[in-house]
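Protein chains get the first letters and strands the later ones, always in sequence-line order, with residue 1 at the start of each. This one's a predicted model, so the numbers in the text were calculated from it and none came from an experiment.
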Amino acid sequence: MANEINNFQEIISHCKEYGYIFQSSELYDGLSAVYDYGQMGAQLKKNLRDEWWKSMTQMHDNIVGIDAAIFMHPTVWKASGHVDNFSDPMIDNKDSNKRYRVDHLIEAHVATLDKESGEALIAEMDKLLAADDLAGLKSLIESNKIKCGISKTCNWTDIRQFNLMFSTQIGSVAEEADTIYLRPETAQGIFVNFLNVQKTGRMKIPFGIAQTGKAFRNEIVARQFIFRMREFEQMEMQFFVRPGTQMEWYNYWKDTRKKWHESIGIPTEKLRFHDHVKLAHYADAALDIEFEFPFGWKELEGIHSRTDFDLSQHAKYSKKKIQYFDNDLNAEGKAYGNYTPFVVETSVGLDRLFLTVISLAYQEEKWTKEDGTEDSRVVLKIPAKIAPTKLAILPLLKKDGLPEIATELLNECKPHFHCFYEEKDAIGKRYRRMDAIGTPFCVTIDHQTKEDNTVTIRYRDTMTQERIPISEVKNIVAKGCM
RNA sequence: GCGGAAGUAGCUCAUUUGGUAGAGCGAUAGCCUUCCAAGCUAUAGGUGGCCGGUUCGAGCCCGGUCUUCCGCUCCA
């Protein structure tokens, strides 16, 4: 395990050194738990997003994609339950480090009092809670000498509002502005557009709506590099089904999503399902697809059977009817008719997927050369189809007309996939640099190229090379990246 | 958020008890030409994380702060 932690440190360093991930605002000492993707990382992330998007929208006739805004009407988050469930004032005891919800702490104390003084205290608390008077609540706790159940002391921290949602104001004049939230999940953008998409796309159940985009959570503790960030990107698909069929689809997506992860090179033994024992208020079944990260098994994707909770809640809060008329015939030969569809959700963290791919790809290799000396390299074995750069074009020397031939090949290839051109330094050094950023193919132009139009292609994973006609390069690389 | 540790060039690290910073690698330019990082020459780079204090003088001592790591805690 210690070894794996060290390895994780090296992965983080490597990501910075080769332009995959930088800490946000590093120039100003950084911003905690926020990261930027660099020139290589942005491309890898885009490739992962594109693969997912294609697998959902292009490969399924009954799934369409949308791109909802980050800002949404404030009532959306009341309907979804986010406002009520995640805005509790919390207080910590400094001696036991135990954290309490303020209302729970006071209510527990009230239980020890007689009826009259208990009710008075509750009334006082409710007044302060309604006024968001955190300092007042703290002095209420202190004046009543409410103690921590573990340390038995009154050594409390200040009370903090513990809301996972970021808020801001819409409109340029603060006083007139309404508070709105940065979405803590992308799913609600799909639910509120259910009718729009279903009607304009003439979608028939079962069908899905897919979306990728940023979400924001004000995590108290955010750690483990890009695993838990305050700003992150989700790739979600909500699949709308006939009530009663949700478990069938839940199992379908469970298998389908695991296979997809395997299709981008994640070994099956590094993936596992973890069924939720305690279900969230909206779910009747839920599981995580976990990946064995360098710091242990952690959630990569969530698959939830969300019942009709979300659509029903939005129907209730918006006072609009959100239903689907199903013309299909049931066993008795009658149409299924009007109902609120059930939802099976697949939700994968793009940043987590990125971390998965990078931690699998990162390898340090050592071997003994023919002359007996030791050699080593650091290589990112990113599967070719998602690698940020597909092909490096390297003239062996930067003279004798070799760069000219190389440039011609570059111009032929770059409309089709991402290429990198380099003529500086010894060829071995250039190969190692390409290994470090994960380029799967290198092609070297040498003097023989001028004679017979062949080049050397060198494969990243095996370090083997072979001679191929220069006219074949484009097709071989394109095929290798499918 | 609590406790512990750390922060010197892009990276890895030096700088004996306080006397105003060095190396290797890397990078850039040129030379060389050689299919797996290690040939030659030159150049660039640090207000020692930041702010303040003690001192004649602080990278070094003290306080605060930011960031990172480890352990708790939290994670709809």
*Atom CD1 in Ile445(A), atom CD in Glu404(A): separation rounded to 0.5 Å?*
11.0 Å
*Quote, to the nearest angstrom, the P distance that separates rA9(B) from rG59(B).*
14 Å
*Ignoring hydrogens and angles, does a donor from either the side chain of Gln465(A) or the base of rC35(B) sit under 3.5 Å from an acceptor on the other?*
yes
_Spacing of Glu10(A) atom CD relative to rC11(B) atom P, expressed in whole Å_ = 15 Å
*May I ask you to evaluate whether Lys429(A) reaches the phosphate of rG26(B), defined as a side-chain N or O under 4.0 Å from OP1 or OP2?*
yes
*Can you check the Trp367(A) CH2 to rA37(B) C1' distance for me, whole Å?*
9 Å
*How about Tyr362(A) and His14(A): are their ring centroids closer than 6.0 Å?*
yes
*Which one, rC35(B), rC69(B), rA76(B), comes nearest to the side chain of His82(A)?*
rA76(B)
*Whole angstrom is fine here: how far is it from CD1 in Ile12(A) over to P in rC69(B)?*
6 Å
*When you check the phosphate oxygens OP1 and OP2 of rA38(B), does a side-chain N or O of Arg377(A) lie under 4.0 Å from one of them?*
no
_In rG45(B), glycosidic geometry as syn within 90° of 0 or anti otherwise_ = syn
*Atom CG of Leu380(A) and atom P of rA37(B): how far apart are they, to the nearest Å?*
18 Å
_Out of the candidates Arg377(A), Arg460(A), Lys381(A), Lys429(A), only one should pair with Asp435(A) under the salt bridge (Lys or Arg N to Asp or Glu O under 4.0 Å) rule; please name it._
Arg377(A)
*Determine the Euclidean distance between corresponding C1' atoms of rC56(B) and rG18(B); express it in Å to zero decimal places.*
12 Å
_Flag if over 12 foreign heavy atoms under 6.0 Å of NZ, Lys316(A)_ = no
*Give me the ring orientation class for Trp249(A) and Phe239(A): parallel if the planes are under 30° apart, tilted from 30 to 60°, perpendicular past 60°.*
tilted
*asked:* Counting the atoms with a prime plus P, OP1 and OP2 as sugar-phosphate, which does Asp446(A) contact under 4.0 Å by heavy atoms, base, sugar-phosphate, or nothing?
replied: base
*Atom CD1 of Ile427(A) and atom P of rA38(B): how far apart are they, to the nearest Å?*
12 Å
*Hey, where does RNA chain B pair up into stems, meaning at least three consecutive Watson-Crick or G-U pairs with distances under 3.5 Å?*
B:1-7 with B:66-72, B:10-13 with B:22-25, B:27-31 with B:39-43, B:49-53 with B:61-65
*Assign Arg458(A) to base, sugar-phosphate, or nothing according to its heavy-atom contacts below 4.0 angstrom with the strands shown.*
base
*Test: Asp425(A) and Arg432(A) ion pair at under 4.0 Å*: no
*Do Lys298(A) and Phe291(A) meet the cation-pi criteria used here (NZ or CZ under 6.0 Å from the six-membered ring centre, within 45° of the axis)?*
no
*Looking at Phe166(A), does the NZ or CZ of Arg217(A) lie under 6.0 angstrom from its six-membered ring centre and within 45 degrees of the ring axis?*
no
*For the side chain of Gln23(A), counting heavy atoms from C-beta on, which of rU67(B), rC35(B), rC36(B) is nearest?*
rU67(B)
*Mapping Asp375(A) and His447(A) to their closest nucleotides on RNA chain B, which lands nearer the 5' end?*
His447(A)
*Determine the contact category for Ser376(A): base if any of its heavy atoms lies under 4.0 Å from a base atom, sugar-phosphate if only primed atoms, P, OP1 or OP2 are that close, otherwise nothing.*
base
*Taking Arg352(A) for its side chain and Phe227(A) for its backbone only, find out whether a donor-acceptor pair lies under 3.5 Å.*
yes
_Candidates rC36(B), rG30(B), rU34(B) - which lies nearest the side chain of Ala426(A)_ = rU34(B)
*Could you pick out which residue, Pro184(A) or Ser13(A), lies toward the 5' side of RNA chain B when each is mapped onto its nearest nucleotide?*
Ser13(A)
*Look at the side chain of Tyr35(A) and decide which nucleotide, out of rC36(B), rU68(B), rA27(B), has an atom nearest to it.*
rU68(B)
_For the P atoms, the ones on rC60(B) and on rA6(B), what distance do you get once it is rounded to whole angstrom?_
14 Å
*Can you tell me, in whole Å, how much space there is between the P of rG26(B) and that of rC62(B)?*
38 Å
*rC11(B) versus rC72(B) - spacing of their C1' atoms, nearest Å*: 32 Å
*May I have the distance from Arg228(A) (atom CZ) to rG1(B) (atom C1'), rounded to whole angstrom?*
15 Å
*asked:* Let me confirm one number: the CD1-NE2 distance from Ile289(A) to His274(A), rounded to the nearest 0.5 Å.
replied: 13.5 Å
*To the side chain of Leu397(A), which of rU33(B), rA29(B), rC70(B) is closest?*
rU33(B)
*Nearest-angstrom distance, C1' atom, rU67(B) to rC50(B)*: 11 Å
*Taking atom types as modelled, find out whether Gln39(A) and Tyr20(A) have a side-chain donor-acceptor pair closer than 3.5 angstrom.*
no
*Of the nucleotides rU33(B), rA27(B), rC69(B), which one has an atom closest to the side chain of Arg433(A)?*
rA27(B)
*Can you tell which of rU67(B), rC11(B), rA76(B) lies closest to the side chain of Lys16(A)?*
rC11(B)
*Span that lies between the C1' atom of rC25(B) and that of rG64(B), in whole angstrom*: 36 Å
_Whole-Å gap separating P (rA76(B)) and CD (Glu299(A))_ = 9 Å
*Quantified in whole Å, what is the C1' atom distance between nucleotide rA38(B) and nucleotide rG71(B)?*
42 Å
*Give a yes or no answer on whether the side chain of Thr449(A) reaches the backbone of Thr454(A) with a donor-acceptor pair at less than 3.5 Å.*
yes
What are the atom names and distances for every N/O pair under 3.5 Å that joins the protein to nucleotides 41-47 of chain B?
none

*Whole-Å distance separating the CZ atom of Phe22(A) from the C1' atom of rU67(B)*: 17 Å
